Amino acid sequence: MSDIQREYNEAIDAADVALGHLYRAQDLLGSAGNWGLFDIFAGGAITSYIKRSKMHEAQGEIDAARDALRVFVRELRDVEGAPGFQIDTSGFLSFADMFFDNTFLDMYVQMQINEARQQVAAAIQQVEAVRDVLIHRR
């Protein structure tokens, strides 16, 4: 295997790792969003706890995805110029949501979940597009 092909394979492997975390984050954010809707209309402390748990799990996957994306970008630099990636879920208000449970705060948290879902979906689209280019070039 040539050095160039090895670099392509390493970048593709790094993309796969990042995508795995992003897909899991996407699923968890979807679940958090569903629990969030339930929380808005009929929820309580238990519903808020479950939603927060899903958000926490999603945050763990997003953090792992950030690390994997850094590796992916480093691998891309060996192959070609690398686009930047940004995923930010720092706006979650899960602590306040659990202890000050009201419809308005629930709706705000739901907006934050939806924003995070959009950011994860955009990152997935970017990584998949670059990965597809790498696969076709190798």
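Keep in mind that the numbers below use all heavy atoms, side chains included, and drop hydrogens, waters and symmetry copies. This is a predicted model, so every value here is computed, not measured.
In this structure, the side chains of Arg117 and Val120 stay at 4.5 Å or more apart for every pair of heavy atoms. Put simply, the side chain of Arg137 does not reach to within 4.5 Å of the side chain of Val79, judged on heavy atoms. Side-chain contact between Val130 and Phe72 is present, with at least one heavy-atom pair separated by less than 4.5 Å. Residues Asp39 and Val109 have side chains not in contact (no heavy-atom distance under 4.5 Å, counting atoms from C-beta outward). By the 4.5 Å heavy-atom criterion applied to side chains, Ile113 and Lys51 are counted as neighbours.
Distance check: Leu19 CG to Arg24 CZ gives 10.5 Å after rounding to the nearest 0.5 Å. For the atom pair CG (Leu29) and CD (Gln112), the distance works out to 11.5 Å, reported to the nearest 0.5 Å. The distance from atom CD of Glu61 to atom CG of Leu28, rounded to the nearest 0.5 Å, is 6.5 Å. Here the straight-line distance linking atom CG of Asp78 with atom CD of Glu10 works out to 7.0 Å at 0.5 Å rounding. Taking CG from Asp106 and OG from Ser48, the interatomic distance works out to 5.5 Å, rounded to the nearest 0.5 Å.
When every heavy atom of Ala68 is checked against every heavy atom of Ala18, the shortest pair comes out as CB-CA, 3.6 Å. Pairing each heavy atom of Leu37 with each of Gln110, the nearest pair is N-OE1, 3.5 Å. In terms of heavy atoms, Tyr8 sits closest to Leu134 at CD2-O, 3.5 Å.
Note: the hydrophobic cluster containing Val17 does not contain Tyr23 (ILVMFWY, side chain heavy atoms under 4.5 Å, direct or indirect links). In the hydrophobic cluster analysis, where Ile, Leu, Val, Met, Phe, Trp and Tyr join through side-chain heavy atoms closer than 4.5 angstrom, Val133 is grouped apart from Val71. If you chain together hydrophobic residues whose side chains sit under 4.5 Å apart, Ile124 and Leu69 fall into the same group. Residues Ile62 and Val127 fall within the same hydrophobic cluster, defined by Ile, Leu, Val, Met, Phe, Trp and Tyr side chains chained together at heavy-atom separations under 4.5 Å.
The neighbour count for Ile135 CD1, taken as heavy atoms of other residues, nucleotides or ligands under 6.0 Å away, is above 12. The number of heavy-atom neighbours closer than 6.0 Å to CD of Gln125, taken from other residues, nucleotides and ligands shown, is 12 or below.
For His56 (side chain) and Arg52 (main-chain N/O), no donor-acceptor pair under 3.5 Å exists by modelled atom type. Of the possible donor and acceptor atoms, none in the side chain of Glu7 sits under 3.5 Å from a partner among the backbone N and O of Glu75.
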Practice item. Please report the C-alpha distance between Ile12 and Arg138 in whole Å, then the side-chain angles of each, then the deciding distance to 0.1 Å, and finally whether the side-chain contact (heavy atoms from CB on, under 4.5 Å) criterion is met. Key: CA-CA 10 Å; Ile12 291 166; Arg138 71 172 168 175; 3.9 Å; yes
Practice item. Let me see the working for Arg6 and Asp3 under salt bridge (charged side-chain N to carboxylate O under 4.0 Å, His left out), right down to the final yes or no. Key: CA-CA 5 Å; Arg6 183 176 43 79; Asp3 287 343; 3.2 Å; yes
Check your understanding: Going through the checks in order, is the side-chain contact (heavy atoms from CB on, under 4.5 Å) test met by Met111 and Asn114?
Key -> CA-CA 5 Å; Met111 288 178 4; Asn114 289 337; 5.6 Å; no
Practice item. Please test Gln5 against Asn9 for side-chain hydrogen bond (donor to acceptor under 3.5 Å, both in side chains), starting from the C-alpha separation and ending with a verdict. Key: CA-CA 6 Å; Gln5 191 170 21; Asn9 288 340; 5.2 Å; no
